[in-house]
Trainee: 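Got a structure here, written out as structure tokens. Questions coming.
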Number of protein chains: 2
Amino acid sequence: MGTVSKALLLLQFFDRDRPLLGLSEVARLAGMNKATVHRMLTELQAMGFVEQVGAAREYRIGPAVLRLAGLREAAFPMREVSLPVLRRLADVTGETAHAGLLEGTRLAMLSYAYSSRHGTRVMMDDAGVLPLHATASGLALLAFGDPALTDAALAAPLQRYTAGTIIDPGRLRQTLETIRQAGIAESLGGFEADVHGFAVPLHDQSGTCVGTLAVAAPVARMTDTLAAAIRTELRAAGQELSGLLGAGAQQAEGLRHAG
Amino acid sequence: MGTVSKALLLLQFFDRDRPLLGLSEVARLAGMNKATVHRMLTELQAMGFVEQVGAAREYRIGPAVLRLAGLREAAFPMREVSLPVLRRLADVTGETAHAGLLEGTRLAMLSYAYSSRHGTRVMMDDAGVLPLHATASGLALLAFGDPALTDAALAAPLQRYTAGTIIDPGRLRQTLETIRQAGIAESLGGFEADVHGFAVPLHDQSGTCVGTLAVAAPVARMTDTLAAAIRTELRAAGQELSGLLGAGAQQAEGLRHAG
DNA sequence: GAGGGCCGGTTCATTATTCGAACCATCGGT
DNA sequence: ACCGATGGTTCGAATAATGAACCGGCCCTC
């Protein structure tokens, strides 16, 4: 693996639960020599991708990503394009709708929308990462995404988050086959005990699965009627969003010709 | 310069005017060998920082920055913290307010707010980069920031954007001295002929100038009264925002102790 | 107060990776 | 058909990265 890739890999250890990391901690997480990690973090810092703060001189993600994220949205407004679809889906179902994006071997939260119909709701985290085997979104990715991703994910040790988390690879493969036939993934308490999740794949214009669209509701108010409605609306919204994302890609092609 | 820095440098060539770049174009802009650039872009792509699109296989910024930007805002919500201050400043002055962040040797747009008081307004670009010598924000950075940055900026060839752009280093140094004494930078048509801009520096908790807060108005409706009001409100808002940003840094320190 | 364990940070001989001139196939324009 | 540009690839030479060992400082325990 090249040096650039190794350095960028370090950025993946920062997450919602660990926005601040010390040098030794990053080295431990990355399984790399502290001197090597120090050198890489120093370069990332010089370019604005991380910064050191506080008396303990811990690192956090730096400001350079803000402009790049703005540029990314300007060039290919996935978040902006997805938000109206998510809002409508949340309104129609009365539950939380969210979109995730495949990033390497992980599923990163792209955007989400809440419904104000109820006093409780399933909450989402900005910049959150969802496990693949334990959420509806993750299962959708495994079912409809690159088989190599699926093989790799199921070969790794799988973490149990709740009593409802399936961690047996054989059972998961059966589950994935059921999902493929249904065209929609469901997870009942796989990641959080009281959440019932539904997800469909999002495809780019070449048909490749690049993300997921999902609805998450508290188990307590799930009924057969609500579940059926979620499935119907989610399928339709998924097709719509895949179409919009594909159009965005075509628009990029158009931009070039116009330029 | 290390390999990681060189690779990340490539990301800086993407901008609002050039969201899509071909391999040879990036190599030309970077002054690097095409094989080298290809290898670096391939690694950046593998890590999700760029992606190739279209028949011409051009590159654009990839999705990995979205999560990192979300993480950055979650850890240190500069954009979120600045928006209320910007909105209030825009409301009170009736003109466009914007905040910029120093990124290496450039000033990147952080966030902005418009006023709806008039039918026209000075427009801003997401992910825009402002020239240092030709805008009020840039001049504020040069006046109050690191003298090394100022020396480097004035030593480089300076681009004339309008008839009002000062490109003589000597005159610019005089202008910067005036700005230091006034505590506020003003640029009349330096970057866009019909825009009058005002800016103050933003400091982090150590007192280092890290960005700017600015108001931009069309020249056509500038009056002495409006200019005086903008100066007053901008100074106050600048102090407020510097304080908030400093508090955010202290909060990061607090987060660590709580963890 | 001393000792131990951990932290962030540094050094430099050794090792691994990067570099880039030269080449290739393809495409569009003349 | 030819030319100039593109994206992409190769591999011997050159350069940069690596990491074991070390340093000073801080905090905790005895």
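Residue numbers begin at 1 in each chain, while the letters A, B, ... track the order of the sequences.
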Trainee: Using a 4.5 Å cut-off on heavy atoms from C-beta on, say whether the side chain of Glu25(B) contacts that of Glu58(B).
Mentor: no
Trainee: Begin from the C-alpha positions of Met78(B) and Glu73(B) and carry the test side-chain contact (heavy atoms from CB on, under 4.5 Å) through to its verdict.
Mentor: CA-CA 7 Å; Met78(B) 298 180 78; Glu73(B) 268 294 292; 4.1 Å; yes
Trainee: Which letters describe nucleotides 4-18 of chain D, given B = protein heavy atom under 4.0 Å from base, S = only from sugar-phosphate, - = neither?
Mentor: --SBBBB-----SSB
Trainee: Counting only pairs under 3.5 Å, give me each side-chain donor-acceptor contact of residues 146-157 of chain A, with atom names and distances, residues two or more places apart or in other chains.
Mentor:
unit_1: Asp146(A); atom_1: OD1; unit_2: Ala148(A); atom_2: N; d: 3.0
unit_1: Thr150(A); atom_1: OG1; unit_2: Leu142(A); atom_2: O; d: 2.8
unit_1: Thr150(A); atom_1: OG1; unit_2: Asp146(A); atom_2: O; d: 3.4
unit_1: Asp151(A); atom_1: OD1; unit_2: Arg173(A); atom_2: NH2; d: 3.1

Trainee: Based on the rotation axes of five pairs at each end, what angle does the helix from dG1(C)-dC30(D) to dT30(C)-dA1(D) bend through, to 10°?
Mentor: 40°
Trainee: Does the cation-pi check pass for Arg60(B) over Phe76(A), that is, NZ or CZ under 6.0 Å from the six-membered ring centre and within 45° of its axis?
Mentor: yes
Trainee: Ignoring hydrogens and geometry beyond distance, is a side-chain donor-acceptor pair present between Ser82(A) and Ser111(A) at under 3.5 Å?
Mentor: yes
Trainee: May I ask you to check whether Asp126(A) and Tyr112(A) show a side-chain donor-acceptor distance below 3.5 Å?
Mentor: yes
Trainee: For Tyr161(B) and Phe191(B), take the angle between the two ring planes, folded into 0 to 90°, and tell me which bin it lands in: parallel under 30, tilted 30 to 60, perpendicular over 60.
Mentor: perpendicular
